[in-house]
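These notes concern the structure reproduced below.
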Amino acid sequence: MSDTSSSTSLAARFGNGANQLPRLWHGFVLAALLAMAATFVSTMHGGPQLLYALFFGVALHHLSGEAKSKPGIEFCSRTLLRLGVGLLGARITAAQIAGLGWTTAAVVILGVASTIGMALVFGRRLGMTKPQSVLSGGAVAICGASAALAISAVLPRDKESDRFTLMVVVTVTVLSTIAMVVYPLIAKLLHLPPELAGLFLGGTIHDVAQVVGAGYTIDQHTGDVATVVKLFRVAMLTVVVVAVSAAFKRSREVSHKASETSGTGRQPLVPWFLWLFIVMVAVNSLGFIAQPVQDSLNFVSRACLVVAIAALGMKTSFMQLARAGWKPMMLLVAETLWLALLVLGCILVMK
């Protein structure tokens with residue numbers, strides 16, 4: 001009798017798993033089409049790909065309430081998001097990090113730690129919750145939209161979580177685009193040598209793409225240094241996400257238990273996508289990832305993040321974004337200025 005019930009239970013689980021793809025397909029296709037449209041507009045006319053994906057998604061917010069679309073949109077905004085963050089590790093090697101030198105590494109670490117600390121202090125004065133302050137500080141300190149998405153995945157969730165995350169993504173993307181134009185002018189005005197100019201650009205601009213664009217507008221050497229410095233900041237995502245996961249473990253478990261989508265049991269301290277990130281860095285450091293494979297993994301990572309942003313956009317309306325108010329944006333601007341002035345001050349001392 002027990003064998004029969006076990007077989008029935010197993011068959012039911014298998015049947016449920018087999019039914020997932022048809023349920024997810026509709027929402028996934030919608031998010032993927034929006035991601036492709038954003039990529040096309042970005043390629044043809046310039047501008048931030050992730051921001052386009054977000055706005056296209058928000059414009060079709062009404063589709064997220066449809067029964068056919070909702071499961072796929074949820075899948076893209078969570079599972080694909082985590083996969084994209086995990087695959088970011090394929091860009092980084094231990095040799096790149098070691099090649100920076102202790103002084104450069106110390107400046108970057110100081111910038112990341114102090115920016116998150118400043119976010120907690122200033123965020124409290126502005127009435128932000130600790131999770132909101134950590135999310136905004138981590139996004140500015142590490143790698144913009146990608147960091148915001150990774151950190152939000154290990155924070156306790158409530159009805160404001162997705163809206164606040166999207167507001168952070170929008171604001172840091174805009175600030176990063178402005179920095180891509182302004183910061184190279186500052187580096188030239190101060191006559192910074194390529195090593196220090198690369199440290200300034202890679203240590204302060206939020207998104208990887210904007211760092212690359214800013215660095216190579218000066219010269220090849222500056223672009224190379226800026227890219228490596230930025231990848232070191234991306235590598236620090238592992239440490240920050242583990243620390244955030246540990247700090248909010250108890251409250252995260254409470255929010256998961258209260259959520260309809262939560263499973264039973266305790267939430268892991270290190271989420272699976274972070275283990276994937278660590279494995280990718282280790283394998284790439286050992287030279288096991290050939291350049292064509294690395295390029296493919298980077299493409300898949302970026303594609304997952306763009307689709308996830310489009311899906312997150314569909315879960316949020318313009319009215320919801322507007323309700324976030326001016327305080328979170330002011331916090332992000334303050335964090336950006338803090339990081340830029342801190343790194344620039346260290347550079348002027350080194351110079």
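With values rounded to the nearest 0.5 angstrom, Leu342 atom CG is found 11.0 Å from Met118 atom CE. Distance check: Ser245 OG to Ile151 CD1 gives 11.5 Å after rounding to the nearest 0.5 Å. For the atom pair OG (Ser69) and NZ (Lys315), the distance works out to 13.5 Å, reported to the nearest 0.5 Å. Taking CG of Leu196 as the start and CG of Leu201 as the end, the distance is 11.0 Å to the nearest 0.5 Å. Rounded to the nearest 0.5 Å, atoms CG (Leu175) and NE2 (His206) are 5.0 Å apart. Leu33 CG to Phe56 CZ: the interatomic distance, rounded to the nearest 0.5 Å, is 12.0 Å.
Placement of Ile116 and Ile109 within a single hydrophobic cluster is found when ILVMFWY residues are connected by side-chain heavy-atom separations under 4.5 Å, directly or transitively. When the side chains of ILVMFWY residues are joined at heavy-atom separations under 4.5 Å, either directly or via intervening members, Leu100 and Val349 end up in two distinct hydrophobic clusters. With hydrophobic clusters built from ILVMFWY side chains whose heavy atoms lie under 4.5 angstrom apart, Val181 does not share a cluster with Val170. The cluster map of Ile, Leu, Val, Met, Phe, Trp and Tyr, joined by side-chain heavy atoms under 4.5 Å apart, puts Leu341 and Leu190 in different clusters. Side-chain heavy atoms closer than 4.5 Å link hydrophobic residues (I, L, V, M, F, W, Y) into clusters, and following such links, possibly through other members, connects Leu286 to Val293.
Residues Thr39 and Gln49 have side chains that bring a donor and an acceptor to within less than 3.5 angstrom of each other. Asn298 and Gln294 share no side-chain donor-acceptor pair at under 3.5 Å.
With contacts defined as side-chain heavy-atom distances shorter than 4.5 Å, the pair Ile309/Phe55 does not qualify. Within the 4.5 Å cutoff, side-chain heavy atoms of Phe248 are placed close to those of Lys130. Side chains of Asp224 and Tyr216 form a contact here, defined as non-hydrogen atoms less than 4.5 Å apart. Residues Val281 and Thr238 form no side-chain contact, since every pair of their non-hydrogen atoms from C-beta on lies 4.5 Å or further apart. Here the side chains of Glu335 and Phe122 are not in contact, with every heavy-atom distance at 4.5 Å or above. Counting only heavy atoms from C-beta outward, the side chains of Leu185 and Leu189 never approach each other to under 4.5 Å. A 4.5 Å side-chain heavy-atom check between Leu34 and Leu60 finds at least one atom pair inside the cut-off. Put simply, the side chain of Pro328 reaches to within 4.5 Å of the side chain of Met128, judged on heavy atoms.
Closest heavy-atom contact between Ala187 and Ala197: CB-CB, 4.2 Å. When all heavy atoms of Met280 and Ala90 are compared, the closest pair comes out as CB-N, 3.5 Å. Nearest heavy-atom pair, Val306 versus Ala35, reported as atom, atom and distance to 0.1 Å: CG1-CB, 3.5 Å. Here the closest non-hydrogen pair linking Ala150 and Val241 is CB-CG2, 4.3 Å. Minimum heavy-atom separation, His221 to Pro194: ND1-CB, 3.6 Å. The shortest non-hydrogen separation linking Gly111 to Thr115 is O-OG1, 2.6 Å.
Side-chain N or O atoms of Thr171 include none that pairs as donor or acceptor with a backbone N or O of Met329 at under 3.5 Å. A donor-acceptor pair under 3.5 Å is formed between the side chain of Ser301 and the backbone N or O of Gly84. Remark: the backbone N or O of Cys76 is not paired with any side-chain donor or acceptor of Thr79 at under 3.5 angstrom. With hydrogens and angles ignored, the 3.5 Å screen pairs no side-chain donor or acceptor of Asp207 with any backbone N or O of Gln210. At least one donor-acceptor pair closer than 3.5 Å links the side chain of Arg233 to the backbone N or O of Ala141.
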Inset, instruction - Give the intermediate values and the outcome of side-chain contact (heavy atoms from CB on, under 4.5 Å) for residues Val108 and Leu199. - result: CA-CA 8 Å; Val108 174; Leu199 171 58; 4.1 Å; yes
Inset, instruction - Apply side-chain contact (heavy atoms from CB on, under 4.5 Å) to Ile92 and Val234, showing your working. - result: CA-CA 8 Å; Ile92 304 166; Val234 174; 3.8 Å; yes
Inset, instruction - Apply side-chain contact (heavy atoms from CB on, under 4.5 Å) to Phe200 and Val229, showing your working. - result: CA-CA 9 Å; Phe200 174 54; Val229 171; over 6 Å; no
Inset, instruction - Apply side-chain contact (heavy atoms from CB on, under 4.5 Å) to the pair Met180 and Thr217, showing each step before the final yes or no. - result: CA-CA 9 Å; Met180 180 180 67; Thr217 57; over 6 Å; no
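Checked for salt-bridge contact, Glu74 and Lys70 miss the test: no charged N lies under 4.0 Å from a carboxylate O.
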